[in-house]
Amino acid sequence: MNEQINELKKEALDSLASVANRAELDAWRVRYLGKKSRLQAILKSLSSLPVEQRKTIGAETNRLKNELENLLKEKEAAFEEASSRAQSSRDALDVTLPGRPSTLGRLHPVTRVLQELQEIFASMGFEVVEGPEVEWDYYNFEALNIPKEHPARDSMQTFWVEAPSGDDDREMLLRTHTSPMQIRVMEKQEPPLRIIVPGRVFRYEATDATHIPMFHQVEGLAVDKGITMADLKGTLYEFSRRFFGPERRVRFRCDFFPFVEPGVEMAVECAVCKGKGCRLCGQSGWIEILGAGMVHPRVLEAGGIDPQVYSGFAFGMGIERIPLLRYSIDDIRLFYSSDLRFLRQF
Ligand code: FA5
């Protein structure tokens with residue numbers, strides 16, 4: 001019996017020496033320590049042996065069992081360590097690899113133009129204020145001398161919005177221009193006033209090379225004693241000189257807006273064709289960038305300002321058309337097509 005045990009030990013140790021992975025180790029465990037192993041068979045057979053033999057063989061077999069179990073644990077621990085070493089070397093940082101280049105973002109051309117405009121007007125003493133994009137009909141139309149059924153409403157196709165419950169008697173919309181802020185500012189501040197209002201506006205319009213349904217405007221408003229049309233023209237000429245340069249020609253023509261009297265539009269010579277006429281300017285050589293005029297007395301009154309004492313000028317400039325003119329871009333829709341080949345040029 002002793003010989004059998006020694007043979008079994010030699011075989012188990014030899015076999016363990018060639019175990020190379022966890023699966024093989026498991027097979028080894030089943031073979032030499034499992035329920036159907038020879039070791040278990042010896043232990044079972046002990047009861048049939050005479051007492052003396054049972055003692056010595058029993059002790060011998062148990063020693064072998066303990067030894068094999070310890071070897072199994074050691075081998076398991078060795079596999080465990082090897083696998084965590086392999087994992088940490090996979091996670092290690094290879095400092096010799098070239099770094100990933102970080103892509104630098106940049107400001108959208110419309111944002112840059114807005115910032116530049118704000119700087120120009122701020123240097124002329126205008127304060128920047130912002131207003132709500134969702135507006136009441138009252139501020140967008142009524143208080144600006146555009147009552148319901150007024151034909152001027154047709155020129156600003158409107159996105160109407162459901163008013164919050166409890167406000168069923170008032171109509172809500174996405175503002176079609178930044179002019180509602182004229183009233184909101186006059187309601188809150190006393191003259192003298194000099195403000196500009198940059199912001200997004202919305203119109204339910206078909207798109208073409210110079211029209212999009214969401215665009216930006218900058219509103220300007222100056223109210224004080226003795227403000228005249230000369231102040232309006234002087235301010236806008238100065239803006240054009242600083243923004244487009246002194247060579248670019250500017251044109252003022254009469255125009256109608258219910259909230260100014262008299263009203264004008266200002267156009268700038270087309271940058272693409274230099275005034276000769278092209279697709280962008282509709283063959284006219286000019287691109288209209290803003291509407292303006294002297295604030296209508298009814299609008300001053302709606303803002304709580306006495307038109308007998310004060311006068312003012314206002315203008316509303318379309319922002320997207322300005323970089324068109326500066327960079328000779330022939331389609332306004334490019335600004336919002338998210339085409340990086342276009343946007344990276346600015
Ligand atoms: C107005 O919105 C008036 N509130 C401007 C104003 C303010 C007049 C104060 C008098 C006093 P108008 O609808 O013309 O006016 O728009 C002003 C400018 O916005 C236009 O000159 C044009 O540059 C730009 N614009 C108008 N519609 C679009 C559009 N669909 N896409 C891009 N730009 C537009």
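Just so it is clear, the values below take in all heavy atoms, side chains as well, and ignore hydrogens, waters and symmetry mates. For ligands, and for the atoms within them, numbers begin at 1 and follow the listed sequence.
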**Q** Return the residue, atom name and 0.1 Å-rounded distance of the protein heavy atom closest to atom 5 (C) of ligand 1.
**A** G316 CA, 3.8 Å

**Q** Taking only heavy atoms of V260, which atoms of ligand 1 are found under 4.0 Å from at least one of them?
**A** 10 (C), 11 (C)

**Q** Please work out, at 4.0 Å between heavy atoms, whether the side chain, the backbone, both, or neither of S179 comes within that distance of ligand 1.
**A** side chain

**Q** Considering both backbone and side-chain atoms of I289, is one of its nitrogen or oxygen atoms within less than 3.5 Å of a nitrogen or oxygen in ligand 1?
**A** yes

**Q** Quick one: look at R321 and ligand 1, take heavy-atom pairs under 4.0 Å, and tell me if it's side chain, backbone, both or neither.
**A** side chain

**Q** Hey, is L290 touching ligand 1 through its side chain, its backbone, both or neither, going by heavy atoms under 4.0 Å?
**A** backbone

**Q** Examine the proximity of ligand 1 to E288 and report which part, side chain or backbone, both or neither, has a heavy atom under 4.0 Å away.
**A** both

**Q** Looking only at non-hydrogen atoms, find the nearest pair between K233 and F252 and report the distance.
**A** CE-CD1, 3.8 Å

**Q** Could you list which atoms of ligand 1 come closer than 4.0 Å to a heavy atom of F315?
**A** 7 (C), 9 (C)

**Q** May I ask whether Q217 has any heavy atom positioned less than 4.0 angstrom from an atom of ligand 1?
**A** yes

**Q** Using a 4.0 Å cutoff against the non-hydrogen atoms of E205, which atoms of ligand 1 qualify?
**A** 29 (C), 30 (N)

**Q** Just to check, does M156 reach to within less than 4.0 Å of ligand 1 when the distance is taken from its heavy atoms?
**A** yes

**Q** At what distance is the nearest protein heavy atom to atom 2 (O) of ligand 1, and which residue and atom is it?
**A** R203 NH2, 2.8 Å

**Q** On a heavy-atom basis, which atom in T176 and which in Q157 lie closest, and how many Å separate them?
**A** CG2-O, 4.3 Å

**Q** Side chain, backbone, both or neither: which part of F259 comes within less than 4.0 Å of ligand 1 when only heavy atoms are counted?
**A** side chain

**Q** Once you restrict to heavy atoms under 4.0 Å, what part of Q182 touches ligand 1? Side chain, backbone, both or neither.
**A** side chain

**Q** With a cutoff of 4.0 Å, is V201 in contact with ligand 1, counting heavy atoms of the residue only?
**A** no

